[in-house]
Every structure is written in structure tokens, then in C-alpha cells.
**Q** 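Can you keep this structure in mind? I'll have questions shortly.
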Amino acid sequence: MSQSAVDVPPKGGFSFDLCKRNDMLTQKGLKAPSFLKTGTTIVGLIFKDGVILGADTRATEGPIVADKNCEKIHYMAPNIYCCGAGTAADTEAVTDMVSSQLRLHRYQTSRDSRIITALTLLKKHLFSYQGHVSAALVLGGVDITGPHLHTIYPHGSTDTLPFATMGSGSLAAMSVFEAKYKEGLTRDEGIKLVAEAICSGIFNDLGSGSNVDICVITKGNNEYLRNYMEPNPRTYVSSKGYSFTKKTEVLLTKITPLLERVEITEVGEAMEE
Amino acid sequence: MTFTIPIENGNGVKDAEADSQRTLYPYVTGTSVVAIKYKDGILMASDMGGSYGSTLRYKNIERMKAIGKHSLLGASGEISDFQEILRYLDELTLNDNMWDDGNSLGPKEVHNYLTRVMYNRRNKFNPLWNTLVLGGVKNGEKYLGMVSMIGVSFEDNHVATGFGNHLARPILRDEWREDLSFEEGVKLLEKCMRVLLYRDRSAINKLQIAKMTEEGVTVSEPYSLKTFWEFKAFTNPTVGAEGS
């Protein structure tokens with residue numbers, strides 16, 4: 001194994017050693033590589049029997065749509081899901097990490113995970129990186145103490161809310177929630193309201209678009225409705241379909257085995273455990 | 001008006017003088033204005049607050065005024081610039097009256113005039129720091145338009161300035177219809193103003209609604225909206241995790 005040219009930071013965390021050199025390079029005219037952001041509208045609300053989370057599906061890289069149908073609702077535990085806005089890599093990595101920590105915790109305690117456990121693990125991680133891990137999350141789920149919904153900001157602060165929105169489309173979605181949310185919504189009313197809020201983000205915010213994903217979490221059950229609504233279909237599809245040029249003609253088919261096939265039958269005892 | 005381009009090498013005093021002649025930042029500002037066309041004319045809503053930076057300094061500013069017999073002007077942004085614009089429009093209407101021929105400026109003309117004024121000021125790097133909403137009815141034709149401080153001007157069925165762009169526009173795009181009655185229009189505007197009250201830090205709970213029809217302008221008395229704060233998560237946010 002060869003020595004790497006850059007030293008690994010001794011105690012984990014970010015190393016800011018190259019910042020001065022990066023500054024000098026940008027002054028000389030070098031453009032820093034941009035990162036994939038999820039632009040985004042993510043929402044969550046508490047209804048009568050649990051929590052409903054919603055998200056759009058557009059991932060942007062500057063002015064370009066990099067992924068038309070990405071998944072922004074991440075699995076944390078069978079009863080906990082988390083929507084992520086901000087830098088796509090950060091939200092993906094941080095939710096995967098906490099998800100595996102939760103599973104190990106479940107094995108150790110033989111109990112279902114609680115939302116506040118996920119909340120504390122996430123906020124501890126994000127705070128220690130002082131906002132440089134750019135992940136803004138809407139965390140929701142149902143555990144033994146009831147339904148919970150939290151927002152987590154990149155610097156590590158959290159809120160407990162009856163309804164929440166994050167991302168560039170959060171104002172458009174929040175205006176729908178503030179105007180129409182009531183406590184004790186039924187499942188269908190809740191799904192309709194979440195879809196309406198996400199659509200408001202999709203049509204009024206440039207960083208959000210494409211389809212609506214919804215996740216309904218109730219006691220003992222969760223339903224991940226991927227692409228629940230597709231309000232942006234391809235407008236014109238040729239009804240005749242596509243006609244490709246004629247295939248090349250097949251003249252001869254010959255199969256030449258390269259090795260003798262040897263059949264092995266299990267003899268003797270099974271492997272030692 | 002003297003105007004010099006500031007140069008790097010220390011004409012310090014002259015630059016300060018030139019800078020003090022043009023608007024660099026707004027000081028006393030009004031927040032959003034929301035307006036819609038409805039069956040009989042125009043409905044416009046705004047709150048009565050004037051913020052001095054992050055202080056709520058003035059709580060009784062009328063940010064909507066009638067212009068002549070046919071138009072209604074609402075403004076967000078710097079209040080002193082709004083008062084200046086009202087003076088310019090006063091001069092216009094006075095000149096009109098002096099002709100004494102029964103003609104008066106309609107909303108389209110006022111809108112055009114304002115666009116020219118705003119754009120020309122912007123070209124001189126001395127903008128009037130306002131976003132104006134101009135609504136009116138003349139000869140049965142309804143008109144609703146907007147001019148920003150850099151001279152962007154357009155006409156639409158529903159407009160919103162400031163934070164209203166982000167919070168009120170989505171609601172208006174969804175729920176505006178051609179044939180709203182007066183009550184429905186007021187309800188729609190109140191919906192928007194309530195969201196702004198919850199989510200805009202410079203909004204206050206004291207608003208006016210102005211109605212513009214063929215008969216003329218009526219600006220309502222100031223009133224406040226009802227708000228709801230009794231969500232379970234607000235009253236008890238740490239359920240299940242006492243002490244966090």
C-alpha cells in the first residue's frame with residue numbers, strides 16, 4: 001500500500017489545511033467543482049393515526065437537473081423515515097449512517113427504535129461538523145410514545161412540530177400548510193394535503209420538480225408510495241412508437257464450450273459450523 | 001443632481017458626497033402587498049407596519065392610496081420613496097384637473113408613468129426603493145399591474161410583493177378564479193395575509209383591505225386576523241422525551 005500524498009486528519013472530522021490553497025486557486029480563476037444539491041421541497045405532517053412525509057424528486061447541479069426521479073425519503077427504521085434537503089451526498093450519507101446505528105441499537109436493546117434516538121444521533125453528528133455537512137432533514141415516525149415529527153437544520157438545531165417543510169420550496173409548501181392544516185386529519189385528507197404542498201413546491205419553486213413521493217407511517221405499519229403523483233408527464237409521445245432500422249441477418253449459430261463442464265455432487269458430511 | 005463614479009485612489013470626500021446623493025439602502029420599510037382582480041374590480045390588502053431595520057417603528061402607516069378617481073396604488077419598500085411617488089402623482093392629477101375637460105388618468109396611464117419613473121431612476125443608480133402595485137377600473141375595464149424598483153413591470157390577475165411572492169403567490173395561483181365575489185375575494189386575501197402574518201417577521205396583525213370598483217375606492221378600517229396556536233406539538237413539544 002503506497003503512502004497517500006494527503007495526510008488523514010488525526011482525529012476524524014474535516015481538515016481545513018487546503019483552504020488557503022483553494023482560495024488562491026479561485027482567485028487565479030479556477031472554478032471549484034459544484035456539488036449535487038437536491039434543490040427540493042420536503043414536508044411532513046402529523047395526522048390522526050401517525051405521520052405522513054412527502055418529497056419532490058428533482059436533484060439539481062447548479063442550473064441543470066441532474067436526476068429527474070431521485071429518492072429523497074430515506075429509510076431509517078421500519079417505523080422511522082427521514083426526508084433530506086441540501087447536498088445529496090450529505091443527506092444520503094448521514095441518514096445511512098444513523099440508520100445502521102439504529103439497527104445495531106435495536107439488536108442490543110431488543111426494542112423498536114424511538115424517533116428521539118434518531119434525532120439525537122443526527123443532531124450530534126451535524127453539530128460536531130458545525131454546519132459543513134449541509135443536510136436539512138425532516139424526520140418522522142411512530143414509536144411506543146406516539147407519532148413524532150422533527151426538523152433538523154445543518155448546524156444541528158432541531159424543532160418539534162405538527163407540520164414542517166424544508167428546502168428551497170419550503171415557503172411555497174408552508175403557505176399551503178399554514179392555510180389548510182388542522183389537527184386530527186384522516187389518512188386520505190393528510191395525503192391530499194401533503195400532495196398539494198409538494199405540488200405547490202414543484203410548480204412555484206425552480207429547484208423542485210418532477211414527481212411526488214409520499215410515505216405514510218402508522219403504528220406498526222408503513223407505506224412507501226413511490227411516485228404517488230406524476231404531475232409532469234412527457235407532453236408529446238409519438239403514438240406510432242419508434243421504428244428502428246432492420247436488424248442484421250443471423251447467418252450461423254454455433255456454441256463452442258471452452259471447458260468441460262464437471263458436475264460435483266455432495267459427498268461426505270456437511271461443513272463444520 | 002451630482003453623480004460621480006467613485007475611483008479607487010482616495011477621492012474619499014468626493015465619493016462620500018456623491019454617495020449621499022443617491023439611495024443605497026432602504027431605512028423605513030413596509031412589507032408585502034397582495035392584490036387580486038375580482039368580479040367588480042380590484043381588491044388589495046396590506047398591513048400597516050413600517051419597520052426601521054429590525055424594529056417595528058411605525059404601526060399606523062397606510063400603504064395603499066387612491067390616485068385620482070380610477071386607480072389604487074399600494075407600495076412595499078422604503079416609505080419615504082412611496083411618499084415622494086405620491087407627490088409626483090399629485091402633480092399629475094393636479095395638472096389634469098387644471099385642464100378641466102372631464103378627462104382623468106386611468107390605471108394604464110398611471111402604471112406606464114410609474115414604470116418610466118422607476119426605470120429612469122434605476123438607470124441613474126438612484127432608485128426609488130419600492131415595489132408598487134397599481135390597480136384600477138376605468139370604463140368597466142379592470143387593470144392590475146406591478147412595477148419593481150429596477151423598472152420590471154407587468155400586468156396580471158393577481159400580484160404580490162416582497163414575501164408575498166413566495167408565500168401568497170402559490171395560494172393565489174391555485175385558488176384565484178375569474179368570477180370571485182367580494183366576500184370570496186376578501187376571504188382569499190385574508191388567507192394570504194394570515195400565512196404572511198405567521199411566517200414574515202416584519203408583518204403585523206393590523207391590516208387594511210382596499211376595494212376599487214367603477215364607483216370609486218374604499219379603504220377599510222384597520223382590523224386584525226384570528227390566529228391559531230393550540231397545536232398539541234406547540235403546547236407539549238417534548239412528549240415522550242421529558243427534559244430534552
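Chain A is the first sequence line, chain B the second, and so forth, proteins listed ahead of strands; every chain is numbered from 1.
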**Q** Hey, is NE2 on B/H166 packed in by over 12 heavy atoms from elsewhere, all under 6.0 Å?
**A** no

**Q** Any residues in residues 150-161 of chain A near chain B, with a heavy-atom distance under 4.5 Å, and which are they?
**A** A/T160, A/L161

**Q** Between A/L171 and B/L167, which heavy-atom pair has the shortest distance, and what is it?
**A** O-CD2, 3.3 Å

**Q** Could you give the distance from CG (A/N204) to CG (B/D174), rounded to the nearest 0.5 Å?
**A** 8.0 Å

**Q** Applying a heavy-atom distance below 4.5 Å, give me the residues of residues 25-55 of chain B that approach chain A, sorted by number.
**A** none

**Q** Of all heavy-atom pairs between A/S200 and B/P170, which one has the smallest distance, and what is that distance?
**A** OG-CB, 3.3 Å

**Q** Taking atom CD1 as the centre, does A/I144 end up with more than 12 heavy-atom neighbours from other residues, nucleotides or ligands that are less than 6.0 angstrom away?
**A** no

**Q** Which answer fits B/F163, side chain, backbone, both or neither, if we ask what part of it has an atom under 4.5 Å from a heavy atom of chain A?
**A** side chain

**Q** Can you name the salt bridge (charged side-chain N to carboxylate O under 4.0 Å, His left out) partners of B/E190, sequence neighbours left out?
**A** none

**Q** Counting only heavy atoms not in A/Q130, do more than 12 fall under 6.0 Å of its CD?
**A** yes

**Q** With rounding to the nearest 0.5 angstrom, report the CZ to OG distance, B/R199 to A/S175.
**A** 10.5 Å

**Q** Apply side-chain contact (heavy atoms from CB on, under 4.5 Å) to A/R106 and list each qualifying residue two or more places apart in sequence or on a separate chain.
**A** A/Y75, A/A77, A/P78, A/L102, A/R103, A/S113

**Q** Counting only heavy atoms closer than 4.5 Å, note whether A/F177 contacts chain B via side chain, backbone, both or neither.
**A** neither

**Q** Checking A/E183 side chain against B/K232 main chain: does a donor-acceptor pair fall under 3.5 Å?
**A** yes

**Q** Using a cut-off of 6.0 Å, state whether more than 12 heavy atoms not belonging to B/R177 lie near its atom CZ.
**A** yes

**Q** Roughly how far, to the nearest 0.5 Å, is the CD atom of A/E178 from the CG atom of B/L197?
**A** 9.5 Å

**Q** What part of B/R194 gets within 4.5 angstrom of chain A, counting heavy atoms only: side chain, backbone, both, or neither?
**A** neither

**Q** Verify the neighbour count for atom NE2 of A/H105: are there more than 12 heavy atoms of other residues, nucleotides or ligands below 6.0 Å?
**A** no

**Q** Should the pair B/F231 and A/Y181 be assigned to parallel (<30°), tilted (30 to 60°) or perpendicular (>60°) ring geometry?
**A** tilted

